[in-house]
Amino acid sequence: MAELQEVQITEEKPLLPGQTPEVAKTHSVETPYGSVTFTVYGTPKAKRPAILTYHDVGLNCKSCFQPLFQFGDMQEIIQNFVRVHVDAPGMEEGAPVFPLGYQYPSLDQLADMIPCILQYLNFSTIIGVGVGAGAYVLSRYALTGLTSSIPEMILGHLFSQEELSGNSELIQKYRNIITHAPNLDNIELYWNSYNNRRDLNFGRGGDITLKCPVMLVVGDHAPHEDAVVECNSKLDPTQTSFLKMADSGGQPQLTQPGKLTEAFKYFLQGMGYMASSCMTRLSRSRTASLTSAASIDGNRSRSRTLSQSSESGTLPSGPPGHTMEVSC
């Protein structure tokens, strides 16, 4: 999403004694359904949601909400919350007429624009104020779990909230890839199948379990960290390696490929492959630790550090089951 314009304006309302004019900024961002314009008043307050308004048909954010937010008793409220006034596409002041044949977004699609606004502003929660058609748009947004559009839901699956809030170059890259994917409809079908998946129903010591060597990898800031930890608890510890990467989010293969490659080499060595492969990254990590999940006689208390055991380029002795926590 790229900012198309940003201008400073002063809200037109009578000032109370001792009150200074409130500076606002108007922004336009691109969404999967076209550009949307919104005006932000005030500055974000810690641990407080933003007030977001959406106007009715035939109005815009000013004509719909200005009398309310100019009202004297409202001043105490607006001084404590940042406000985001959204104009439906083409409803903002000075908007050009859409060309003949233009397909206006549906109300559902208008609701799908809201996550793009919140992501641009780095807002995670809102108090919605809608009138008429605007109330429907906000209700539709709320019914979809406040993540709304398919691209945003998928990004929330791939990356942690910390990563999304940081809005790094990586996040922007993958948001653009998913949002503008020519096969987005197919991606949605795959996403729906994922959400309708059945539980694997395996358990440690049960009849249904994985009998092959397994390496589980998760970032310590991953959105599904708890699920991976639970999965690890259900698998045979003598067959399972659990790698928890510090300073990594939902996609360690993208953010920490070097660390993951080195861990994968250890995993392959544990299966008898690549015994002479040179190990460098993890063996030099001063904070890396390797805890044996089970000794040969079932004792799970033994631990070693990778830096002490892998200088020769071989996997530390012991059974294949172990847990690694790597600081990157």
*asked:* Test of understanding: with side chain to side chain donor-acceptor pair (under 3.5 Å), list the residues that count as partners of Asn60, not counting sequence neighbours.
replied: Ser63
*Is there any ring-ring contact (aromatic ring centres under 6.0 Å, His included) pair reaching into residues 164-190, and which pairs are they, with sequence neighbours excluded?*
none
*Partner set under side chain to side chain donor-acceptor pair (under 3.5 Å) for Asn122, not counting sequence neighbours*: none
*Go through the structure and list residues passing side chain to side chain donor-acceptor pair (under 3.5 Å) with Tyr33, not counting sequence neighbours.*
none
_Restricting to side-chain contact (heavy atoms from CB on, under 4.5 Å), what partner residues turn up for Asp56, sequence neighbours left out?_
Leu59, Val131, Ala133
*salt bridge (charged side-chain N to carboxylate O under 4.0 Å, His left out): which pairs involve residues 222-234, sequence neighbours left out?*
Glu225-Lys244, Glu230-Lys234
*Qualifying residues under side-chain contact (heavy atoms from CB on, under 4.5 Å), relative to Phe123, sequence neighbours excluded*: Pro44, Ala50, Val82, Val84, Leu118, Leu121
*Mind checking ring pair (Phe, Tyr, Trp, His ring centres under 6.0 Å) for His157 and listing every partner two or more places apart, or none if nothing turns up?*
Trp191, Tyr194, His224
_Main-chain N/O of Phe69 paired to Gln75 side chain as donor or acceptor, under 3.5 Å_ = yes
*Residues in side chain to side chain donor-acceptor pair (under 3.5 Å) with Thr255, at least two apart?*
Ser248
*asked:* Using the side-chain contact (heavy atoms from CB on, under 4.5 Å) criterion, which residues pair with Thr179? Sequence neighbours excluded.
replied: Pro32, Pro151, Arg175
*side-chain contact (heavy atoms from CB on, under 4.5 Å) involving Leu158 - partner list, sequence neighbours excluded*: Ile154, Ile178, Gln251
*Quick one: list whatever passes salt bridge (charged side-chain N to carboxylate O under 4.0 Å, His left out) with Glu162, sequence neighbours left out.*
none
*Please work out whether the ring planes of Tyr104 and Tyr102 are parallel, tilted or perpendicular, with thresholds of 30° and 60°.*
perpendicular
